[in-house]
Amino acid sequence: MTDQAAHPMAGAFETAMDALTGPERYKLLCGVVVPRPIALVTTLGAGGVTNAAPFSFFNVFSETPPLVILGLQANPDGSHKDTTRNVRDNGEFVVNLVDEALGEAMNDCAVDFPPEIGEPKMVGLAITASTAVAPGRIARAPFALECRRHTILSFGPGRELLVGEVLHLHAAPGLIDRKTLRVDVERYHPLGRLFGNLYARQKDRLTLERRSYAQFGSDDL
């Protein structure tokens with residue numbers, strides 16, 4: 001008979017973060033905090049090359065001012081990756097949101113192409129001009145947020161936090177109601193990042209109505 005206590009998945013688990021290596025912390029945090037939105041970030045490199053890189057350490061942060069955040073990671077040798085270098089050089093970038101149709105091309109943009117080779121050109125993504133920033137946006141992205149660097153915070157040699165101010169928003173046809181500014185969830189199919197090679201489709205949804213304090217008390221009497 002197998003001893004259940006000896007099974008690696010048996011019982012509760014806990015650990016101090018400083019007892020783990022960096023890769024172990026990454027594995028746990030990426031597996032626990034899911035699904036995460038994906039930003040396919042376009043920047044303008046030397047010679048006018050448009051680079052594109054996917055980020056799942058990403059989210060919206062504030063509406064006034066309108067801010068997004070990106071977790072930037074250095075190369076293994078400590079040098080800046082294309083996105084970090086380009087944003088530091090010219091202060092502008094575009095967050096292209098990723099839906100199911102864009103998933104495969106987004107994944108291919110993670111290939112370690114050299115800086116002088118633009119990922120969009122290699123994977124067949126057309127780039128169209130932005131309105132408020134120099135880097136172009138991905139033409140087939142469901143949404144694109146044109147951003148200007150607000151702040152970069154360093155948390156060690158390998159990790160930085162980029163805060164960007166959103167200057168302009170683009171939406172593909174049929175995704176936003178012009179009167180209500182609501183996104184059509186039947187047409188928008190965002191891809192969520194899990195861990196490893198796993199991603200999540202947002203097919204199953206539920207509604208949870210938020211109650212006020214007064215409603216909470218009266219509903220439970």
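Numbering starts at 1 and runs along the sequence shown.
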- [ ] Could you check Asn75 against Asp112 for side-chain contact (heavy atoms from CB on, under 4.5 Å), going step by step and ending with a plain yes or no?
- [x] CA-CA 10 Å; Asn75 288 312; Asp112 55 345; over 6 Å; no
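- Within the 3.5 Å criterion, the main-chain N or O of Ala200 finds a donor-acceptor partner in the side chain of Gln202.
- The shortest heavy-atom contact between Asn51 and Pro115 is ND2-O, 3.4 Å.
- Asp82 and Thr43 share no donor-acceptor pair across their side chains, judged by distance under 3.5 Å alone.
- For the atom pair CG (Asp99) and CE (Met106), the distance works out to 10.0 Å, reported to the nearest 0.5 Å.
- When every heavy atom of Ala141 is checked against every heavy atom of Ala172, the shortest pair comes out as O-CB, 4.2 Å.
- Summarising the local packing, CZ of Arg205 is surrounded by more than 12 heavy atoms from other residues, nucleotides or ligands at distances under 6.0 Å.
- From Leu40, atom CG reaches atom CG of Leu125 across 7.0 Å, with rounding to the nearest 0.5 Å.
- At least one cation-pi condition fails for Arg36 and Phe57: the charged atom is not both under 6.0 angstrom from the six-membered ring centre and inside a 45 degree cone around its axis.
- Listed for the Glu146 side chain is no donor-acceptor partner under 3.5 Å among the backbone atoms of His168.
- Note that CG of Leu175 is 9.0 Å distant from NE2 of His189, once rounded to the nearest 0.5 Å.
- No continuous path of ILVMFWY side-chain contacts below 4.5 Å connects Met122 to Val49, so the two sit in separate hydrophobic clusters.
- The hydrophobic cluster containing Val87 does not contain Leu44, counting ILVMFWY residues as joined when their side-chain heavy atoms lie under 4.5 angstrom apart, directly or transitively.
- At least one side-chain heavy atom of Val133 sits under 4.5 Å from a side-chain heavy atom of Leu167.
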TODO: Output, in order, the C-alpha distance, side-chain angles, deciding distance and verdict of side-chain contact (heavy atoms from CB on, under 4.5 Å) for Ile69 and Leu161.
DONE: CA-CA 7 Å; Ile69 54 174; Leu161 177 69; 4.0 Å; yes
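- The aromatic rings of Tyr188 and Phe143 lie perpendicular to each other, with more than 60° between the two planes, well past the 30° mark.
- Here the side chains of Leu206 and Leu208 are in contact, with some heavy-atom distance below 4.5 Å.
- Ion pairing of Arg148 with Glu165 is present here, as a side-chain N (NZ or NE/NH1/NH2) and a carboxylate O approach within less than 4.0 Å.
- Among all heavy-atom pairs drawn from Glu24 and Thr21, the shortest one is OE1-N, 2.9 Å.
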Open item on the list: For Val111 and Glu119: C-alpha separation, side-chain torsions, deciding distance, then whether side-chain contact (heavy atoms from CB on, under 4.5 Å) applies.
Closed with: CA-CA 8 Å; Val111 173; Glu119 289 85 358; over 6 Å; no
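- Proximity of a side-chain donor or acceptor of Asn90 to a complementary backbone N or O of Asn86 within less than 3.5 Å is detected.
- Heavy atoms only, all atoms of each residue included: Arg137 and Ala129 are closest at NE-O, 3.6 Å.
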Task: Derivation and outcome, side-chain contact (heavy atoms from CB on, under 4.5 Å), residues Cys147 and Val94 - done: CA-CA 6 Å; Cys147 302; Val94 180; over 6 Å; no
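- Under the 4.5 Å side-chain criterion, counting only non-hydrogen atoms from C-beta, Phe58 is in contact with Val68.
- With Asp77 contributing its side chain and Ser79 its backbone, the two residues share a donor-acceptor pair below 3.5 Å.
- Looking at every heavy atom in both residues, Val95 comes nearest to Ala39 through CG1-CB, 3.6 Å.
- For the pair Asp177 (side chain) and Thr180 (backbone), a donor-acceptor distance under 3.5 Å is present.
- Listed for the Asn96 side chain is a donor-acceptor partner under 3.5 Å among the backbone atoms of Ile138.
- In the hydrophobic clustering of ILVMFWY residues, with side-chain heavy atoms under 4.5 Å counting as a link, Leu67 and Phe155 come out together.
- Taking the charged nitrogens against the carboxylate oxygens, Glu160 and Lys81 have no contact shorter than 4.0 Å, which rules out a salt bridge.
- Cluster membership check: Val32 does not share its hydrophobic cluster with Leu198, using side-chain heavy-atom separations under 4.5 Å among Ile, Leu, Val, Met, Phe, Trp and Tyr.
- Using a 4.5 Å cut-off on side-chain heavy atoms (C-beta onward), Leu70 and Val163 make no contact.
- For the pair Val34/Arg193, no side-chain contact is recorded, criterion being any heavy-atom separation below 4.5 Å from C-beta on.
- Formation of a donor-acceptor pair under 3.5 Å by the Glu92 side chain with backbone atoms of Ala134 is found in this model.
- Atoms OH and CD1, on Tyr199 and Ile38 in that order, are 5.5 Å from each other to the nearest 0.5 Å.
- Within the 4.5 Å cutoff, the side chain of Leu72 has heavy atoms near those of the Phe55 side chain.
- Atom-to-atom distance recorded for His170:NE2 and Ile176:CD1 is 11.5 Å, nearest 0.5 angstrom.
- Taken from CG in Leu97 to CG in Leu102, the straight-line distance is 9.5 Å, to the nearest 0.5 Å.
- The backbone N or O of Met17 lies less than 3.5 Å from a partner atom in the side chain of Arg25, making a donor-acceptor pair.
- Formation of a donor-acceptor pair under 3.5 Å by the Glu100 side chain with backbone atoms of Pro190 is not found in this model.
- Judged by distance alone, the side chain of Ser130 and the main-chain N or O of Pro135 form a donor-acceptor pair under 3.5 Å.
- Between Leu28 and Thr15 there is a side-chain heavy-atom pair separated by less than 4.5 Å.
- Across Arg159 and Gln73, no two heavy atoms sit closer than the pair NH1-CB, 3.6 Å.
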